[in-house]
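Below you'll find the structure, written out as structure tokens, and then a few comments.
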There are 4 protein chains.
Amino acid sequence: MGRMSASTERPRSGRREATRRRLFEAAVDLISEQGYGATTVDEIAERAGVAKGTVYYNFGGKSELYTALMEWGVTRLADTLKAAVPPSASPGEGLTAVLRAGVVFIGEHEALARLLMAEAWRTNQAWYATVRQIRTEAIGVISGQLDRLAAEGAPHPGLDTGLAGSALFGMVVTVALDWRTLQPERPVEEIHATLAHMTAGLVGTPASPPKNV
Amino acid sequence: MGRMSASTERPRSGRREATRRRLFEAAVDLISEQGYGATTVDEIAERAGVAKGTVYYNFGGKSELYTALMEWGVTRLADTLKAAVPPSASPGEGLTAVLRAGVVFIGEHEALARLLMAEAWRTNQAWYATVRQIRTEAIGVISGQLDRLAAEGAPHPGLDTGLAGSALFGMVVTVALDWRTLQPERPVEEIHATLAHMTAGLVGTPASPPKNV
Amino acid sequence: MGRMSASTERPRSGRREATRRRLFEAAVDLISEQGYGATTVDEIAERAGVAKGTVYYNFGGKSELYTALMEWGVTRLADTLKAAVPPSASPGEGLTAVLRAGVVFIGEHEALARLLMAEAWRTNQAWYATVRQIRTEAIGVISGQLDRLAAEGAPHPGLDTGLAGSALFGMVVTVALDWRTLQPERPVEEIHATLAHMTAGLVGTPASPPKNV
Amino acid sequence: MGRMSASTERPRSGRREATRRRLFEAAVDLISEQGYGATTVDEIAERAGVAKGTVYYNFGGKSELYTALMEWGVTRLADTLKAAVPPSASPGEGLTAVLRAGVVFIGEHEALARLLMAEAWRTNQAWYATVRQIRTEAIGVISGQLDRLAAEGAPHPGLDTGLAGSALFGMVVTVALDWRTLQPERPVEEIHATLAHMTAGLVGTPASPPKNV
DNA sequence: TATGAATGAGTGTTCATTCAT
DNA sequence: TATGAATGAACACTCATTCAT
């Protein structure tokens, strides 16, 4: 937060909050398509339907807008993944659910996912810390399920669940983005099915006939 | 006399070819560290030890240099992966070998891998076609091994090997970059081992005995 | 709010219009002295007392500024010529008046006249259409008087008044510019007198005393 | 072709002279269309079919090439006009002949004529002196005929023949260029006829019957 | 006599940022 | 709370010129 001078937090999104949201949406679309450097503040303001100065009034600058954007978006991803695991789920079910939720989320927020991958390893950017931290959270949700599997004496005792979480995260994002970019007409179920095949060995599911779960 | 010969090829490397190579090397380093937008032509020329005009004389512009760079680099990746599969290898061995080669390559060419992921889904860039095409080649090598597995009646009959190839590609790049970025001190063998665990179900390897770690 | 109003017109001159005018004035002087290619945007901005970016904010680029300039200037020429013919004038008087007005205008706007001649037949320039069109207007005022003369059964029945207008236009501009460039100290009346001599045959005026013919 | 290094002037145009001529021709066309500033040495060399360095080897630089060009071209104009007056011609016939020769010359050397008008009043250019001097020569031929007319007690006793020569020169060039640019399909005779009409008053020709066409 | 790769000062243009309204 | 005219440092790019071959 941080603007807000005299009075306290105002929950109701007045004119200001609406402006910020419009700027967010304009920025995600443009930056994910063109990249941060190639997207101008003019473009963002124009697509949002406001004057250029308004960007500065509301966010202080281009990079602050971008950081806020990443924070906003990636938090939603982490929250979505966390919410995807039913409390009663078995570890295997939990893992499957998380991966499915990831695919669905990316299908609905392609732009954000593209940004996430583009910035994930660019360590010398101002917003790297933000991206990394929340990316870690997202991966943590996956690793959490792997830990539960391991605790149950799952197939691979010595598995490095941290690294494996990163692996599954990369797998999900890559598959989902390739799907949206190259074959957007395919039903999401086919994507899920492929991922289920890929992780069958981990989950301990008999590969071909997924009777249970 | 004096005009270009028929094709762009120029057999004698001579002065010009040497200059181009130096510019390539300077550009990969700088752009992968700083990003395309944040890298200036002046910097590239300076690191290559040539005058700025030489960049334009040889490549025509910044973006053309970048495109040539991507083509050059990503071709090397695809070639490396292709060379990684011994002719006599079983499908399972072949897949394992490809993934290992991918990790090794990325370990040695982080810069390139970062660029690859950053640009992979940025469809409106001038160089998108180049990146996509050669990325497809790289994934094709993986999918090829999966096809061989499938032909042998591997664990998952209905597997979409194209999508699965993309999944494994994303997994390998993500893991390898996370390794280099967050835990560069870990031995490469631990990375291989984790990937082996992840793909055990596919390869049909008895999951339990990962003796080599 | 905030976007452009319907047309490009902007009723309140305000700050912006003042800036544009200053840039115009700076540009005419500099370009007519040095030529378009030899005049830099920096120079124009400096003489106008604004920052370089302001040129781009207001005109979009150097060539657009130049086009606007030509349009502005040449429109003034055409307007001046049109206004020079008193409604009650005879055709002969009208023609004389137009030529006199042309000489006076050029005497006061050498810079513009030089540009006009320099660009008049440079057909592949961005601003050629503009120059040509308004030049045609100016010539049209002359041709109009010639038409009236012809209608009165003037000396030369078969005269191509369009071409003749072009001829007189070229004559006036050439004489006026040679005057300003080579003999600026001569009184304007001597220029008028010479032109009157030259056109005496057309106008049918007793050229002082045209005893014969 | 020979080597032949250390001999004296070679009147016969060897390889070198041919190269120079090709460069001349390329340069007139390009510069007259685009202007001096907008024409690059690369373009000139390419159109001439030689390497860029050859321009420097033969002329020393771009502006030297241009100066040589102007000198070459404008000398030809003056010579042509001088040659156009038969020794036996009356002053009136002589003037008519000069103007006709001017139109014909410009019809065949449009490019040169455009340059002449574009540079005629640009006093701060390196080649201004050249242009002015030879332009003066050309006008001198016209003024010469006017002087003869005046000496015969021609229609306008007090005529300033210097200024009048300039006027006729401008008239001829303007008409001829407008003809080539806007109505190139018209026969040259129509242009001559119009000019004859315009100068009828000077020449003392009975206006109505322009029998000679 | 000619070439063309290389140069680098100079220029047009962009764009994040400021600020008076 | 929002605007948009103005800014100027930074940048991509141009092109006349040089020189080793």
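Every chain is numbered from 1 and lettered A, B, ... according to where its sequence line falls, protein lines coming before strand lines. Everything numeric here is computed off the predicted structure, so don't read it as measured data.
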To the nearest Å, how far apart are [X] [atom1] and [N] [atom2]?
X: K62(A); N: dT18(E); atom1: NZ; atom2: C1'; result: 17 Å
X: D42(C); N: dA9(F); atom1: CG; atom2: P; result: 11 Å
X: Y66(D); N: dT17(F); atom1: OH; atom2: C1'; result: 20 Å
X: E17(C); N: dA6(F); atom1: CD; atom2: P; result: 10 Å
X: I31(C); N: dG12(E); atom1: CD1; atom2: C1'; result: 13 Å
X: Y56(B); N: dT11(E); atom1: OH; atom2: P; result: 17 Å
X: E43(D); N: dA16(F); atom1: CD; atom2: P; result: 9 Å
X: F59(A); N: dT18(E); atom1: CZ; atom2: C1'; result: 19 Å

Open item on the list: Please tell me if T19(D) has a side-chain N or O lying less than 4.0 Å from either OP1 or OP2 of dA2(E).
Closed with: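 For T19(D), the contact criterion (side-chain N or O under 4.0 Å from OP1 or OP2 of dA2(E)) is met.
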Open item on the list: At less than 4.0 Å, is any side-chain N or O atom of N58(C) found next to OP1 or OP2 of dA6(F)? Yes or no.
Closed with: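 Looking at the OP1 and OP2 atoms of dA6(F), one of them is under 4.0 Å from a side-chain N or O of N58(C).
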TODO: Would you kindly compare V55(D) and E64(C) by the position of their nearest DNA chain E nucleotide and give the one closer to the 5′ end?
DONE: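 On the 5' side of the pair lies V55(D).
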Open item on the list: Here's a test of your reading of the structure: between K52(C) and V50(B), which maps to the more 5' nucleotide of DNA chain E?
Closed with: V50(B)
Open item on the list: Using every non-hydrogen atom in the two residues, find where L23(B) and T54(B) come nearest and quote the distance to one decimal.
Closed with: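 Residues L23(B) and T54(B), closest heavy atoms: CD1-O, 4.3 Å.
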- [ ] For R47(A) and A26(A), indicate whether the former's side chain and the latter's backbone hold a donor-acceptor pair under 3.5 Å.
- [x]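 No; zero donor-acceptor contacts below 3.5 Å.
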Task: Flag, side chain of K62(B) to backbone of Y36(B), donor-acceptor distance under 3.5 Å - done: yes
Task: Partner of N58(B) under side chain to side chain donor-acceptor pair (under 3.5 Å), chosen from E64(B), R16(B), E17(B) - done: R16(B)
TODO: Using the closest heavy atom to pick a nucleotide of DNA chain F for each, name whichever of Y57(B) or G49(C) lands nearer the 5' end.
DONE: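 Going by which nucleotide is closer to the 5' end, it is G49(C).
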Open item on the list: I want to confirm an ordering. Mapping G53(C) and G53(B) to their closest nucleotides on DNA chain F, which one lands closer to the 5' end?
Closed with: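 Checking each residue's closest nucleotide, the 5'-ward one belongs to G53(C).
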TODO: Could you check which of dT17(F), dA12(F), dA5(F) has an atom nearest any side-chain atom of V41(D)?
DONE: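 Side chain of V41(D) sits closest to dT17(F).
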TODO: May I ask you to check if R20(D) and F59(D) form a cation-pi contact, with NZ or CZ under 6.0 angstrom from the six-membered ring centre and within 45° of the axis?
DONE: yes
Open item on the list: Counting only heavy atoms from other residues, nucleotides and ligands, does the tally under 6.0 Å from CD of E25(B) exceed 12?
Closed with: yes
- [ ] Identify whether any heavy atom of T39(D) sits under 4.0 Å from a base atom; if not, whether one sits that close to sugar-phosphate; answer base, sugar-phosphate or nothing.
- [x] sugar-phosphate
- [ ] Give one of base, sugar-phosphate or nothing for T40(A), where a contact means two heavy atoms less than 4.0 Å apart.
- [x]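 Answer is sugar-phosphate: T40(A) comes under 4.0 Å of backbone atoms only.
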Task: Dot-bracket pairing map - DNA chain F, Watson-Crick plus G-U, both contacts under 3.5 Å, | cross-strand - done: .||||||||||||||||||||
Open item on the list: Please verify the inter-ring angle class for Y66(B) with W127(B); under 30° counts as parallel, over 60° as perpendicular, anything in between as tilted.
Closed with: perpendicular
